[in-house]
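Quick caveat, the model's predicted, so the values are computed rather than measured.
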Amino acid sequence: MNTLLQYILVQRAKAKLKGKKAIAKRQLVKEVRYGQVEFVHAIKEILFIAIGVGAAGFGLKGFLLPNHFIDGGATGVSLLIQVKSNIPLGVLLLLVNIPFVLLGAKTISKKFALKSIFAIVALAILVHFVPYPIITSDKLLIAVFGGFFLGLGIGMAMRGGSVIDGTEVLAIYLSRKWHLTIGDVLLLINIVIFSAGAYLLSIETALYAILTYLVAAKTVNYVVDGVEEYIGVTVISPKNEEIRIMLTEKMGRACTVYNGKGGYAKDGIARITTDIIYTVMTRLELARLSTEIDKIDKNAFIVMGVVKDIKGGMIKKKPLK
């Protein structure tokens, strides 16, 4: 660790533990380690936000804005107002997103709101002052690649713990109030925006805006959730030991075995107790897993579900065999 950084972390730890009568060395080391982890995560978050702001700015200035295209969400509202009023887009991005950021401070956290303000201000400055080159005038390319870079920017900002499009915050808030899913709320918001685009600009512009939004939304999903989708697999079988050995030795995958009990039983008969196997693997491995389980037990009960993210374990350490 850098000597200056180590000194700063030690002083920070001492300041946090100042109220205590006697500071044990173990407490100090623990607090320094916590500070180091927070520092590394903060650097990663800033890097994600910086990349996100740069990508979103490129999508807006290089594709959408020069060709009078719009998108969904707060960015779409800003673009729509800019096209009709010629107010600088940087100013509109700030004005449109500020209410959502304030709502985010109340709904999520103040730290989230501060990072979002930083990201939105940075994007506004970038869009206003940086002369991005205009890449193309082909409408299909504008919709697809403008949506891609905008989605990349939004997704990277989200990975950094912030937003550059505040409608996500509004969707979370309204979903709690109206008992709807976040996806449903976003759909309703964007229907209003695209309808306004069709009325104020043209139906063709609104249709291209929908395409831009779909590309951006898909890109956000890839960036936030990862391109490689993980699947959680639960297997219940009387041959659970053979399946466990197959997973760990033949497929090279870790698994967890826990005890379960059948829910159905006739009166006076004890319910069956069995070991249940749980493992996580990529979608690419599912075909082979299904084949190997069928070899052992064709009647095995298998439950699969999408896993949004994973950390630790053997899933990324073991190569595909």
Side-chain angles (χ1 to χ4, degrees), residues 24 26-27 29-38 40-41 44-45 48 107-109 111-112 155 158-159 161 168 171-172 175-176 179-184 220-321:
R26 180 180 293 180
Q27 286 179 304
V29 170
K30 186 179 180 180
E31 198 61 47
V32 169
R33 188 170 70 250
Y34 284 173
Q36 186 179 357
V37 170
E38 287 177 3
V40 171
H41 278 256
K44 285 171 64 178
E45 289 171 0
F48 280 138
T107 308
I108 302 172
S109 70
K111 184 179 179 182
F112 164 81
M158 289 172 71
R159 290 289 293 268
E168 295 280 349
I172 292 170
S175 67
R176 294 173 181 175
H179 303 290
L180 295 172
T181 65
I182 294 173
D184 289 339
V220 170
N221 289 339
Y222 275 133
V223 173
V224 175
D225 296 333
V227 178
E228 192 175 33
E229 194 173 43
Y230 292 100
I231 307 295
V233 183
T234 301
V235 184
I236 301 174
S237 167
K239 299 182 179 179
N240 50 74
E241 182 61 18
E242 292 179 56
I243 293 173
R244 183 194 67 78
I245 293 170
M246 177 272 294
L247 279 168
T248 55
E249 297 183 6
K250 194 169 184 179
M251 292 194 68
R253 290 289 173 260
C255 66
T256 299
V257 180
Y258 56 96
N259 191 260
K261 186 179 286 188
Y264 175 77
K266 293 181 179 180
D267 293 339
I269 299 176
R271 286 179 291 158
I272 299 172
T273 301
T274 184
D275 284 339
I276 299 170
I277 298 171
Y278 180 79
T279 187
V280 177
M281 56 183 56
T282 65
R283 189 174 288 280
L284 297 175
E285 298 172 277
L286 288 183
R288 186 185 171 199
L289 175 66
S290 181
T291 301
E292 295 297 335
I293 291 176
D294 278 353
K295 289 178 183 177
I296 299 168
D297 183 6
K298 285 188 177 182
N299 297 317
F301 181 69
I302 305 170
V303 180
M304 300 182 187
V306 175
V307 177
K308 287 292 183 183
D309 199 8
I310 60 169
K311 184 178 180 181
M314 296 171 64
I315 188 74
K316 290 184 179 179
K317 297 178 182 178
K318 290 271 189 180
L320 289 173
K321 292 184 179 180

With a 4.5 Å limit on heavy-atom distance, are the side chains of I293 and V235 in contact?
yes

State, to 0.1 Å, how close L247 and C255 come at their nearest heavy-atom pair, and which atoms those are.
CD1-CB, 4.1 Å

Side chains of S290 and L286: closer than 4.5 Å at any heavy-atom pair?
no

For E292 and M246 the tightest heavy-atom approach is CB-SD, 3.5 Å

Once rounded to the nearest 0.5 Å, what's the spacing between atom NZ of K239 and atom NZ of K298?
11.0 Å

Where do P238 and D297 come nearest, in terms of heavy atoms and distance?
CD-OD2, 3.6 Å

Can you tell me how far the CE atom of M281 sits from the CG atom of L289, to the nearest 0.5 Å?
4.5 Å

Side-chain heavy atoms of T279 within contact of T256, under 4.5 Å
no

Beyond-backbone contact of Y258 with T234, side-chain heavy atoms, under 4.5 angstrom
yes

Side-chain heavy atoms of V280 within contact of I231, under 4.5 Å:
no

To the nearest 0.5 Å, how far apart are NZ in K250 and CZ in R288?
7.0 Å

Ion pair check, R253 and E285, cut-off under 4.0 Å:
yes

Side chains of N240 and T274: does their closest heavy-atom pair fall under 4.5 Å?
yes

Salt bridge (charged side-chain N to carboxylate O under 4.0 Å, His left out) between E241 and R244: does it pass, once the steps are laid out?
CA-CA 5 Å; E241 182 61 18; R244 183 194 67 78; 2.5 Å; yes

Quick one: are I236 and D275 in side-chain contact, heavy atoms under 4.5 Å?
no

CD1/I277 to OG/S237 distance, rounded to the nearest 0.5 angstrom?
7.5 Å

Note, K261 side chain near I272 side chain (heavy atom, < 4.5 Å)
no

Between V233 and I302, does the side chain to side chain contact (heavy atoms under 4.5 Å, CB included) criterion hold? Intermediate values first, please.
CA-CA 7 Å; V233 183; I302 305 170; 3.7 Å; yes

